[in-house]
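Only this structure's heavy atoms are used, side chains among them; waters, hydrogens and symmetry mates stay out.
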Number of protein chains: 2
Amino acid sequence: MIFSSELIKGTLKTIVLKLLSDNKKMYGYEITQRVKDLTGDRIQLTEGALYPTLHSLEEEGLVTTELEYMGKRVRKYYKLSASGKTRSKERVSELAEFMETMRVLLDIQPKIA
Amino acid sequence: MIFSSELIKGTLKTIVLKLLSDNKKMYGYEITQRVKDLTGDRIQLTEGALYPTLHSLEEEGLVTTELEYMGKRVRKYYKLSASGKTRSKERVSELAEFMETMRVLLDIQPKIA
DNA sequence: TACAATGCATTGGATTCTTATGTATCTTTG
DNA sequence: CAAAGATACATAAGAATCCAATGCATTGTA
């Protein structure tokens with residue numbers, strides 16, 4: 001089952017920030033694949049959503065970029081800035097609280113880990 | 001803490017459907033207050049978001065409406081149709097799965113209920 | 001050699017929400 | 001009793017966010 005896109009809304013930035021906080025640096029395509037892998041194909045980021053998000057994070061100063069050349073192919077790596085690291089923690093914990101609130105609101109039983 | 005609005009995106013319809021599945025009938029203002037209560041003021045639905053959503057659910061045939069007069073004041077009650085009940089269950093379980101996926105992706109520890 | 005995968009990116013459109021506004025009634029408080 | 005707040009409906013303009021489609025180019029594979 002692939003989740004209907006509406007659910008992704010509002011969580012994309014948090015996903016990206018979290019991944020970047022766990023990895024020194026990542027490039028766009030890598031992020032899409034990592035999310036695909038980690039979610040068992042259930043979340044597939046589209047490029048039309050991801051790249052504007054990455055650019056937006058850069059404009060906000062939360063990530064910095066560096067180009068790397070693999071032969072003739074260019075990779076644009078993104079890494080968290082200091083403020084990005086802080087923001088990442090904030091976003092993740094806010095989402096955690098939100099999910100807990102939604103769990104109560106929707107009377108959803110938590111899975112036993 | 002009131003959640004940043006982006007997080008609510010995509011979950012509003014599910015919230016409304018779930019509340020209606022737990023209550024025979026509800027009216028708009030009641031829904032906003034119920035959500036406010038159930039979430040300890042953390043989620044506050046705006047009318048500009050709620051009413052279009054309710055109208056949309058009606059157009060989709062997921063809810064039916066009936067007017068009730070309290071003196072001169074009108075209340076518009078919404079109740080789930082048969083297809084609405086089905087959709088409600090689908091939406092809630094989809095959101096539950098999505099949340100579980102996000103929990104794994106973001107490495108969020110579940111609270112012990 | 002064609003096709004799939006990798007890798008960047010933009011554009012147009014749809015959807016969804018916020019903010020602001022409007023109307024009207026009922027209740028509480030100074 | 002008047003004013004303010006709560007109750008109750010609703011719409012409109014604009015912002016934000018995402019998807020689908022498209023484009024370009026390189027690399028690997030059947």
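A donor and an acceptor atom, one from each side chain of A:Glu58 and A:Thr65, are located under 3.5 Å apart.
Within the 3.5 Å criterion, the main-chain N or O of B:Arg42 finds no donor-acceptor partner in the side chain of A:Thr101. Side chain of B:Glu30 to main chain of B:Tyr27: a donor-acceptor pair is present (N/O by atom type, distance under 3.5 Å, no hydrogens or angles). Between the side chain of A:Ser83 and the backbone N or O of A:Leu62, no donor-acceptor pair lies under 3.5 Å. Of the possible donor and acceptor atoms, one in the side chain of B:Arg103 sits under 3.5 Å from a partner among the backbone N and O of B:Ile108. Without hydrogens or angle criteria, A:Ser81 side chain to A:Gly61 main chain gives a donor-acceptor distance under 3.5 Å.
Straight-line distance from the OH atom of B:Tyr77 to the C1' atom of D:dC9: 14 Å, rounded to whole Å. In this entry the distance linking CD of A:Gln44 with P of D:dC18 reads 16 Å, nearest Å. Straight-line distance from the OH atom of B:Tyr69 to the P atom of C:dA24: 15 Å, rounded to whole Å. Atom pair B:Met26:CE and D:dT7:C1' shows a separation of 15 Å (rounding to whole Å applied). Computed from coordinates, the A:Leu57 CG to D:dT17 P distance equals 10 Å when rounded to whole Å. We find that OH of B:Tyr51 is positioned 20 Å from C1' of D:dA13, with the value rounded to whole Å. Separating the NE2 atom of A:His55 from the P atom of D:dC18 is a distance of 14 Å, rounded to the nearest angstrom. In this entry the distance linking CG of A:Leu54 with P of D:dC18 reads 12 Å, nearest Å.
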So which protein nitrogen or oxygen atoms get under 3.5 Å of nucleotides 27-29 of chain C's nitrogens or oxygens?
none

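In terms of position on DNA chain D, the residue among A:Leu45 and B:Tyr29 whose nearest nucleotide sits closer to the 5' end is B:Tyr29. Nearest-nucleotide positions on DNA chain D for B:Pro52 and B:Tyr27 put B:Tyr27 closer to the 5' end.
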### Task
Take nucleotides 20-30 of chain D nucleotide by nucleotide from the 5' end and write B, S or -, depending on whether a protein heavy atom sits under 4.0 Å from the base, only from the sugar-phosphate, or from neither.
B-----BS---
### Message
Between B:Leu19 and B:Leu38, does the side chain to side chain contact (heavy atoms under 4.5 Å, CB included) criterion hold? Intermediate values first, please.
### Response
CA-CA 11 Å; B:Leu19 283 183; B:Leu38 288 175; 4.0 Å; yes
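Between A:Glu68 and A:Lys25 there is a side-chain heavy-atom pair separated by less than 4.5 Å.
Looking at residues two or more places apart in sequence or on another chain, you find no salt bridge (charged side-chain N to carboxylate O under 4.0 Å, His left out) involving A:Arg75.
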